[in-house]
Amino acid sequence: MSEYDARGKVNRALLICVDDYRHLRPLPAVRDNPGELERVLLAPGTDLFTKGEVVICRPQEPWEVEQALDAVVQEARGLLLVYFSGHGRVGRDGGNLQLMVGASERRHKTVSWQDTVLSYLDNARADRIVIVLECCYAGNAGEAFHACRTPTSLLMAAQPNRRIFSGEEPTGGSVFTRALRQILEQGIPGKRFVTFEDLVRELRNQLAGERTPMGDVWEPRSAKQNTVDDVILSFATPGIRPPTPLRIRLRRRLNTSFRHWFRILMVLAIIAVPATAGVVLLNLPGGAEACPPALELRLLTAPEAEPALRQAAFDYEMSAANTRPLDGEGDLPDGCRRAQITVYSAAKDQVDQGFAAADRWQGEAHGTGKDGPDDKGIDPLYRPGPQPDIWIPESTADYYEARRGMPAKGSPATLHYSAPVAYTPLVVGIPAHRRLDDVEPAGASWRELLTGTDRTHRDLRLLRPSPVLSGTGLLHTLGLYLAHDGSDAASSGAPDPTLARHAEERLSAPGSQYAGSTELLCSLRPDADAAGSVDRTKSAPLVSEKSLADYNLGRATGSCPALDAPLPLRNRYVAYYPRHAPALDHPLIRVDWHGTRDATPRQDAVARFATWLRAADGGQRTLTAQGYRGVHGTGPGAGSPLLDSRADVSLLAPTVPFGAHPDQVSQVLDGYDKAQKSSQVLILLDTSTSMSDGGRLPTALRAAGRVLEMVGARHTYGLWAFPDRAHPTDADAVRELVPPGSADPAPGRAALDRIAGGELVEHGAAMEEALTRAVRRMKKSPATNKAIVLILDQDDGAGPERAAGVERTLGTLVEEGPEVPVLALALGKNGCDTFALQRLADASHGQCVPGGPQAVDTLAGRIASIGTATKGDR
């Protein structure tokens with residue numbers, strides 16, 4: 001996993017601590033927390049923050065917190081650390097966490113975690129945000145946190161719905177913060193530095209002997225949003241610490257010098273030349289930043305490549321290539337960053353839709369965008385994100401597909417293709433204990449791989465990322481259709497429709513497609529316990545070499561955090577390389593936007609970054625250390641996971657360049673589409689008022705919106721809501737917003753807009769009753785393949801009026817034929833960890849997806865597979 005190093009950037013730490021309350025009991029131990037924590041953060045060994053970058057706030061009124069948040073949000077450019085220690089309160093339903101300041105009463109003068117804190121942090125320009133909450137019910141912050149749009153890591157002092165003793169101990173700091181300070185100040189044995197995930201694990205170990213007031217083990221919790229890499233929080237280590245790099249020391253010295261002269265010139269300006277003070281101040285550098293603002297470049301990529309490209313972007317920003325003066329730029333001080341690169345990711349279909357609607361994408365960025373009749377209801381600013389300057393897709397095939405979807409004329413976006421920046425071959429992961437007989441791992445034909453895994457031989461279920469949502473899935477499909485017999489894919493011509501149909505029959509099964517390699521492999525991890533998960537010992541994932549190596553070595557995979565050690569051999573997969581299948585080549589695409597005023601500087605900045613990415617002593621060193629293969633044909637770089645024998649990959653397998661023609665890519669996708677069967681899904685959406693808590697409703701509406709993006713002539717849908725607004729007390733009533741069988745997404749989009757506008761019902765959502773009615777309706781559907789997409793908060797509709805035996809009736813119904821898989825998105829506190837949801841997923845051969853940063857994309861991958869199911873599937 002890559003680690004974000006913020007040294008030398010403009011960092012800020014805001015320590016909010018409240019020990020003296022007017023209406024609540026005091027917290028004497030909290031009094032010492034900010035001073036001691038500031039001392040640790042400024043210690044030479046910690047080596048992240050410098051004097052003036054740590055701000056202490058002891059608020060008596062809510063506005064003081066808002067003022068402090070506003071200041072650090074505006075100033076921070078590297079790492080923003082926000083820490084709160086004090087009382088916390090939640091509502092009766094466990095939601096709406098409130099942070100209590102000195103003047104707070106139980107329900108008044110509080111600071112809303114969701115509406116205040118997260119709203120401010122969502123506007124931050126920092127590269128990374130780390131939040132530490134030490135208060136009662138800190139664990140309840142996790143749900144609203146998933147509505148964040150910035151790369152953020154959250155550390156909660158305890159699990160949900162728990163009070164803690166912190167603050168009532170003897171003075172000298174609270175128990176939790178004392179442990180946190182010790183780890184940051186002393187480091188962890190065997191570690192060169194302390195990352196966010198290291199800190200979480202060590203805190204759990206140190207607090208394992210403590211108990212909450214309810215008698216439970218005191219267990220800190222963590223969550224991450226919009227990032228899968230890690231953040232370094234301290235460079236302290238019990239071992240010998242490497243010196244701070246010279247470029248970091250020089251930059252800090254330059255910043256200190258500028259601040260020193262700034263103060264002197266301020267005094268001179270006020271005393272000696274008051275008449276010209278305004279002119280002097282306008283031309284002096286600010287105290288917070290010695291360097292002028294860097295040009296911000298936005299880099300869009302695939303979720304699987306995001307962590308590595310984040311690390312590459314950071315290394316470039318700190319490199320001499322981005323900080324040394326250039327001819328014609330003598331006014332830029334040495335050591336200042338010329339460009340700052342923001343890296344974000346989106347699924348392939350979202351990127352395609354963004355470029356297809358580039359006029360709206362650009363229009364919304366300027367505040368002038370309007371919905372068009374053919375925009376399919378996408379929101380370019382949220383998904384796939386802001387308009388990019390650079391796009392690095394997984395493969396050239398993704399570029400061809402995006403170009404095909406763009407209008408021939410009139411688009412404000414122009415895509416300029418350039419060479420790849422990294423390679424990773426495609427592989428089929430075979431369980432280590434079920435290796436294929438007489439099949440060469442470093443170069444087997446697809447025909448051999450399909451035969452070696454069929455019912456007669458190893459009887460393995462092939463799992464592929466969706467070609468619609470994932471570049472890896474698209475390229476695997478391209479190789480399977482065009483290089484079936486091991487011949488060169490580029491010279492194979494158009495795919496054989498019969499071959500495509502037979503291939504899809506091997507790959508098709510309900511829930512067998514995923515949004516990407518990492519999300520697929522995350523579902524196969526031994527510690528994955530999602531309801532309806534597949535049997536990893538009988539599965540063969542079609543993924544990339546890099547993602548399989550990360551999986552085997554226990555590195556962070558999708559939404560699964562890193563493990564302490566590589567997986568044991570019995571849980572690993574061995575990489576088999578389909579012969580002549582093209583590798584993911586990650587081309588760099590410069591995106592020019594019509595009307596951009598600083599177009600020339602941006603183009604120059606992109607060119608410099610592209611040159612550095614392909615340089616052997618620049619980006620290639622970073623990317624090969626992350627597990628990619630280099631563009632110069634060299635072997636893995638130092639530190640590459642591919643060099644570890646436990647990665648179970650083969651360095652003898654060649655890297656096959658992408659050589660297919662754009663027409664072949666189009667033909668493969670057309671062949672894939674024709675090989676699918678017709679499908680019908682019924683969206684069953686919980687619209688009780690509790691869905692508005694904790695940021696759940698936006699997630700639910702995005703998930704339903706993704707279903708609408710997939711509909712068409714052969715893939716129809718229906719939309720029901722429960723409970724019914726017209727009959728709120730009738731547990732069996734549902735609101736039929738769009739009848740099943742509709743191929744037009746417009747009525748569904750309009751219904752979702754009305755729900756977003758407040759059409760919620762103040763009544764418990766009786767999930768079992770609504771689902772029973774939905775299952776009965778779908779059992780009668782003539783569609784060959786069908787499923788119910790259940791999106792819910794939690795089953796809170798139980799009561800004395802509930803019909804006897806409703807759960808037993810529903811369980812029996814889902815087990816009867818014909819099969820109707822239930823694909824559930826559970827946004828409640830317990831996620832999929834309820835017996836009812838687990839039983840439904842298992843009995844219906846469906847899947848339950850818990851709420852989280854990847855939840856919508858994960859569910860979309862499952863939905864994409866509904867049209868592929870055939871009667872012969874396992």
Side-chain angles (χ1 to χ4, degrees), residues 510-511 531-532 679-688 691 700-701 703-704 706-708 710-711 715-728 730-742 747-748 751-752 755 761 763-798 802-803 805-828 832 834 836-849 859 862-863 866 869:
S679 67
Q680 184 177 112
V681 295
L682 175 58
I683 308 168
L684 187 59
L685 179 62
D686 177 356
T687 54
S688 60
M691 283 290 283
L701 296 176
R706 288 298 295 277
V707 181
L708 300 183
M710 300 179 186
V711 303
H715 304 294
T716 61
Y717 78 104
L719 175 59
W720 289 4
F722 69 102
D724 185 5
R725 294 182 73 226
H727 306 89
D730 184 354
D732 290 323
V734 297
R735 189 179 180 199
E736 300 191 10
L737 300 171
V738 180
S742 176
L752 295 180
I755 294 171
V761 184
H763 190 270
M767 181 270 286
E768 281 88 352
E769 287 84 351
L771 186 58
T772 299
R773 183 168 177 172
V775 171
R776 283 181 173 145
R777 178 67 172 270
M778 292 300 287
K779 293 276 188 184
K780 300 175 182 178
S781 169
T784 307
N785 301 278
K786 47 203 168 188
I788 294 172
V789 178
L790 173 65
I791 305 173
L792 75 163
D793 168 15
Q794 55 192 16
D795 180 21
D796 57 355
R802 165 156 285 174
V806 64
E807 294 182 3
R808 183 169 59 255
T809 299
L810 176 60
T812 302
L813 185 63
V814 297
E815 291 175 350
E816 295 174 348
E819 183 177 284
V820 179
V822 176
L823 304 177
L825 173 59
L827 301 174
C832 295
T834 65
L837 289 177
Q838 290 176 352
R839 184 169 183 270
L840 281 171
D842 292 338
S844 68
H845 298 97
Q847 187 90 20
C848 181
V849 177
L859 182 66
R862 305 299 190 274
I863 295 168
I866 297 305

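Just so it is clear, the model here is predicted, and its values are computed rather than measured.
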Non-neighbouring partners of Arg735 that pass side-chain contact (heavy atoms from CB on, under 4.5 Å), sequence neighbours left out: Ala721, Asp724, Arg725, Leu737, Glu759

Any Met767 side-chain heavy atom under 4.5 Å of Leu837 side chain: yes

Nearest non-hydrogen partners of Gly748 and Tyr717, listed with the distance: N-OH, 3.1 Å

Side-chain heavy atoms of Arg776 within contact of Leu813, under 4.5 Å: yes

Spacing of Arg839 atom CZ and Leu810 atom CG [to the nearest 0.5 Å]: 8.0 Å

Nearest heavy atoms of Pro740 and Gln680, plus distance in Å: CB-OE1, 3.6 Å

CD1 on Ile791 to OG1 on Thr687, rounded to 0.5 Å: 11.5 Å

Val849 and Leu823: CA distance, side-chain angles, deciding distance, side-chain contact (heavy atoms from CB on, under 4.5 Å) verdict: CA-CA 8 Å; Val849 177; Leu823 304 177; over 6 Å; no

Considering all heavy atoms, the nearest Lys779-Lys786 contact: O-NZ, 3.8 Å

Straight-line distance of Leu827 CG to Leu792 CG, nearest 0.5 Å: 7.0 Å

Close side-chain approach of Arg777 and Val734, heavy atoms under 4.5 Å: no

Gap separating the CZ atom of Arg706 from the CG atom of Leu701, nearest 0.5 angstrom: 14.5 Å

Which residues share a salt bridge (Lys or Arg N to Asp or Glu O under 4.0 Å) with Glu816, sequence neighbours left out: none

Closest contact, heavy atoms only, Cys848 versus Ala826: SG-CB, 4.1 Å

Minimum heavy-atom distance between Asp793 and Asp686, given as atom pair plus value: N-OD2, 3.2 Å

Inter-residue atom distance Leu790.CG - Leu771.CG, 0.5 Å rounding: 5.5 Å

Distance-minimising heavy-atom pair for Ser844 and Val820: CB-O, 3.6 Å

Minimum side-chain heavy-atom gap Val738-Ile683 below 4.5 Å: no

